[in-house]
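For reference, the structure is listed below as structure tokens.
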Number of protein chains: 2
Amino acid sequence: MARKAQFDIQQFFQALGDNTRLRLLNLMGEQEVCVCYFVEILGAPQPKISRHLAYLRNAGIVSARREGKWMHYRIVMPPHIGATQILRQTLDWLNEDKAMQTDRARLAKACCAPSKYDLDGAPLPAAVSAQSCGAC
Amino acid sequence: MARKAQFDIQQFFQALGDNTRLRLLNLMGEQEVCVCYFVEILGAPQPKISRHLAYLRNAGIVSARREGKWMHYRIVMPPHIGATQILRQTLDWLNEDKAMQTDRARLAKACCAPSKYDLDGAPLPAAVSAQSCGAC
DNA sequence: GTGACATATTCGTCAACGTGAATATATTCA
DNA sequence: TGAATATATTCACGTTGACGAATATGTCAC
């Protein structure tokens, strides 16, 4: 018993109906991102980020992976192809938004920026570590 | 001043995050539908239907047209193409749901069914009146 | 005008959500 | 073991949303 709940349309859209969560999804895009970058880039208190990530996880939209002290979150495409397409469409939509572009730009150069959260040693997002980060 | 507010992503998804509203959108599909059919088919109190329709209207997803005593609602595709595609995708998704199919089937034959709301004389949905409703 | 009908709005209540502050848990290092 | 760091959870509070019940508005027929 206590089976994993079936994917819920209503819950899916509710999860997308918050700007903070949209910003998180926008930053994840196709890559895995460490929580500390969310905190740094959104400039929001860490518990707030954590709660929204838990909400997304509970809705089945993201999954988490622990790596030492750090937690990595990534988007997991829904089991339903329609939902997957909607999610991709949404990410494309966010791509066009000015503020969202700024967020992504800040993530791209986060490996160079000092921060109050001290990201030295924090795991880099996949896309950043894959390239050599020319800005450094 | 008091310009029409810009289309809001967050509000858009919030509007989709309720099952009653999803049922309403599913019934509208591409056609215009009279409120009395919503009340009849959803089997919900009329004020509840009206409030959800107002919510959708406020989010810019549907528009209303008065025809005598009756109000017709229809989906109005959002000004942003990405939102339009998401909305279409959502309608396709709903199309696959069993309960949503039942709702649409009941709308299709609503012109034949007697009802406590007495739909005699109520305006028929466009798709129903266009065809000759073979079931009658 | 009055009455009947279709729809919209208001009111009160309750649950869900978003938030900051504080605290708890988990992991690593010494 | 204990300290330091990263993340999660809890608590209290204000806001929003969904709801049933009651009421208001708008339109038509007479």
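The sequence lines fix the lettering, A, B, ..., with proteins before strands; numbering per chain opens at 1.
Close to dC19(D), at under 4.0 Å from its OP1 or OP2, lies a side-chain N or O of His52(B). A close approach under 4.0 Å does occur between a side-chain nitrogen or oxygen of Lys48(B) and OP1 or OP2 of dC19(D). The side chain of Arg21(B) places an N or O atom within less than 4.0 Å of a non-bridging phosphate oxygen (OP1 or OP2) of dA18(D).
Looking only at side-chain heavy atoms (C-beta outward), Gln101(A) and Arg104(A) come within less than 4.5 Å of each other. Using a 4.5 Å heavy-atom threshold, the side chains of Gln85(B) and Gln89(B) count as separate. Counting only heavy atoms from C-beta outward, the side chains of Val62(B) and Leu25(B) approach each other to under 4.5 Å.
One atom, NE2 of His72(B), and another, P of dA6(C), lie 13 Å apart when rounded to the nearest Å. At whole-Å resolution of the value, CD in Gln46(A) and P in dT23(C) are 15 Å apart. With rounding to whole Å, Gln11(A) atom CD is found 9 Å from dC17(C) atom P. Rounded to an integer number of Å, the gap from Arg23(A) CZ to dG18(C) C1' is 15 Å. The nearest whole Å value for the distance from the NZ atom in Lys69(A) to the P atom in dC29(C) is 7 Å. Rounded to an integer number of Å, the gap from CZ of Phe13(B) to C1' of dT16(D) is 20 Å. Taking atom CE of Met71(B) as the reference point, atom C1' of dC28(D) lies 16 Å away to the nearest angstrom. Trp70(B) has its CH2 atom 17 Å from the C1' atom of dA8(C), to the nearest Å.
Among the nucleotides dA6(D), dT9(D), dT7(C), the one closest to any side-chain atom of Ala54(A) is dT9(D). Of the candidate nucleotides dC17(C), dA8(D), dG20(C), dC17(C) has the atom nearest to the side chain of Gln14(A). With distances taken from any side-chain atom of Cys34(B) to the nucleotides dT7(D), dG18(C), dT7(C), the minimum falls on dT7(C).
Projected onto DNA chain C by closest heavy-atom contact, Thr20(A) and Leu53(B) fall at different nucleotides, the more 5' of which corresponds to Leu53(B). Residue whose closest nucleotide on DNA chain C sits further toward the 5' end, between Arg51(B) and Gly68(A): Arg51(B). Both Pro47(B) and Arg66(B) lie near DNA chain D, and the one whose nearest nucleotide falls closer to the 5' end is Pro47(B).
Proximity of a side-chain donor or acceptor of Arg21(B) to a complementary backbone N or O of Gln14(B) within less than 3.5 Å is detected.
Taking the six-membered ring for Trp and thresholds of 30 and 60 degrees, Trp93(B) and Phe13(A) have ring planes inclined between 30 and 60 degrees apart.
Tyr73(A) comes within 4.0 angstrom of sugar-phosphate atoms only, judged by non-hydrogen atoms across all strands, and of no base.
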